[in-house]
There are 2 protein chains.
Amino acid sequence: MSTEASSQDDDAGRTVTKPRPVRADAKRSLDALLEAALSVFTTSGVDAPVREIAAKAGVGVGTVYRHFPQRADLVAAVFRREIDACADAAPALAVEHKPGDALALWMHRYTAFLATKRGLATALHSGDPAFDSLPTYFMQRLEPALRTLLDAAATAGEVRTDIAADDLLGAVANLCRQAYEKGPDHARRMVDLLVDGLRYGASTPAS
Amino acid sequence: MSTEASSQDDDAGRTVTKPRPVRADAKRSLDALLEAALSVFTTSGVDAPVREIAAKAGVGVGTVYRHFPQRADLVAAVFRREIDACADAAPALAVEHKPGDALALWMHRYTAFLATKRGLATALHSGDPAFDSLPTYFMQRLEPALRTLLDAAATAGEVRTDIAADDLLGAVANLCRQAYEKGPDHARRMVDLLVDGLRYGASTPAS
DNA sequence: TTATATACGGAACATTGTTCCGTTTTGGCA
DNA sequence: TGCCAAAACGGAACAATGTTCCGTATATAA
């Protein structure tokens, strides 16, 4: 059932419900919580205590559990938000850079997302049902974002056309996973290599 | 400091310590604990409460922490024991079967190990320092075990000679990881396929 | 047999996820 | 504007679990 308030029967006898708008304080709490959670997760990891997040948000624990029935739901919400932010970066980059550059820049944005969210992989494999929808959501949001950039770059003749967006997402994720153990900017070099590989054999094939 | 008991100064003034053997009850507790932990981990996962393991071992929690300062140390000890058991299976199989068969049988033994210990992968990536030595231990024990089988089979002309033991261990581990989502005996089929691949091109090349 | 280091058991403590409920706030309405 | 009911809030209290502490029991050397 969705949020609702007063209800009455219309002239055909059907019950009509007029949704009551979300209260201002509720929205404030939710925003503060998501922001605080992101901050705490980034600095202390996704295992940080709920109390710590609530305190940082200036909110009681009861409020946390009002918005997120389980701790894992809060974690999932933060991850979804980060996925959204990463996906939304694609059109923003597309209007400000040439297609090939936009693609390369977004790949690094994506890499940054992967780097900070290494807790994501652990969470996904924890088996908690609260995370079940995340892999799907991940692909639903990021695949179209990358595909658009890829298509634009291909149309401009700046990259080759035989790579699928989802394959590229997975490949970079794998690159970054093992790059985590290596040096700090190892991931950056590997991704650069990959992007250069995309450019290779486009309009300007090598000798 | 190691286990020790009475100590006295020798004629040069150096303190000499005579190690006292491990007490019988201590060894009993340790064995019972490891056995109980393996059982509980297998049925309830590696997140099972320490109290449950202690109860199953017929031991107090204090005794658990006497042998394993941290919960994670107990988990690591159980994993090490399982790694040992898997490694020790190699020579046992080698004396009872033809080299090629021993290799195939051990690969399934290894697969079974991977299947039941999926909690291992999660534990390894948890970042807990208690698990730091496990990957090294894993390779140190299993690589020689497999290499011996591989060499024997190669010498007998039953498998090709261009595969390294560690690569094979990693490949099968990866096969089993994604096979976990598929059907139940998917892993078995994939591993069979891989072993047949090893046999291919040995003494009896295809047309 | 006795002394003593060693080991044991389990109550008690600390941390953290979750629930409960009395209090406060918000927004529609008279 | 003032009132009221629904919604939201805060935080104490509860439950589960890792960890510590210490009085008691036991094994081993002499």
Inset, instruction - Verify the neighbour count for atom CD of B/Glu35: are there more than 12 heavy atoms of other residues, nucleotides or ligands below 6.0 Å? - result: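 Counting neighbours around CD of B/Glu35, 12 or fewer heavy atoms of other residues, nucleotides or ligands fall under 6.0 Å, so no.
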Rounded interatomic separation in angstrom, taking [atom1] from [X] and [atom2] from [N]:
| X | N | atom1 | atom2 | answer |
| --- | --- | --- | --- | --- |
| B/Lys27 | C/dC8 | NZ | P | 13 Å |
| B/Ile53 | D/dT17 | CD1 | P | 11 Å |
| B/Asp128 | D/dG18 | CG | C1' | 12 Å |
| A/Asp31 | D/dA8 | CG | P | 14 Å |

Would you say [N] has OP1 or OP2 under 4.0 Å from some side-chain N or O of [X]?
| X | N | value |
| --- | --- | --- |
| A/Gln70 | C/dT18 | yes |
| B/His67 | C/dC8 | yes |
| B/Tyr65 | D/dT20 | no |

Legend entry - From B/Ile53 atom CD1 to B/Phe41 atom CZ, the distance as rounded to the nearest 0.5 Å: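 Atom-to-atom, B/Ile53:CD1 and B/Phe41:CZ are 4.0 Å apart.
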Legend entry - Salt-bridge present (B/Arg147, B/Asp166; N to O < 4.0 Å): no
Legend entry - Full working for side chain to side chain contact (heavy atoms under 4.5 Å, CB included) between B/Cys86 and B/Leu142: CA-CA 8 Å; B/Cys86 188; B/Leu142 298 185; 4.2 Å; yes
Inset, instruction - Heavy atoms under 4.0 Å is the rule here; annotate nucleotides 9-16 of chain C 5' to 3' with B where the base is hit, S where only the sugar-phosphate is, and - elsewhere. - result: BBBB---B
Inset, instruction - Report yes if some heavy atom in the side chain of A/Phe68 is under 4.5 Å from a heavy atom in the side chain of A/Leu33; otherwise report no. - result: yes
Write out a two-atom table: protein N or O, nucleotide N or O from nucleotides 24-27 of chain C, distance below 3.5 Å.
{"from": "C/dT25", "atom 1": "O2", "to": "A/Arg23", "atom 2": "NH1", "distance (Å)": "3.1"}
{"from": "C/dT25", "atom 1": "O2", "to": "A/Arg23", "atom 2": "NH2", "distance (Å)": "2.8"}
{"from": "C/dT26", "atom 1": "OP1", "to": "A/Arg28", "atom 2": "NH2", "distance (Å)": "3.3"}
{"from": "C/dT26", "atom 1": "O4'", "to": "A/Arg23", "atom 2": "NE", "distance (Å)": "3.4"}
{"from": "C/dT26", "atom 1": "O4'", "to": "A/Arg23", "atom 2": "NH2", "distance (Å)": "3.3"}
{"from": "C/dG27", "atom 1": "OP1", "to": "A/Ala24", "atom 2": "N", "distance (Å)": "3.0"}

Inset, instruction - Kindly state each residue pair satisfying salt bridge (Lys or Arg N to Asp or Glu O under 4.0 Å) with at least one member in residues 22-31 of chain A, sequence neighbours excluded. - result: A/Arg23-A/Asp25, A/Lys27-A/Asp31
Legend entry - Verdict with supporting geometry, A/Thr161 and A/Leu150, side chain to side chain contact (heavy atoms under 4.5 Å, CB included): CA-CA 8 Å; A/Thr161 60; A/Leu150 219 40; over 6 Å; no
Inset, instruction - Could you give me the CA-CA distance, side-chain angles and deciding distance for A/Arg80 and A/Ser133, then say whether side-chain hydrogen bond (donor to acceptor under 3.5 Å, both in side chains) is met? - result: CA-CA 10 Å; A/Arg80 270 195 215 91; A/Ser133 67; 3.2 Å; yes
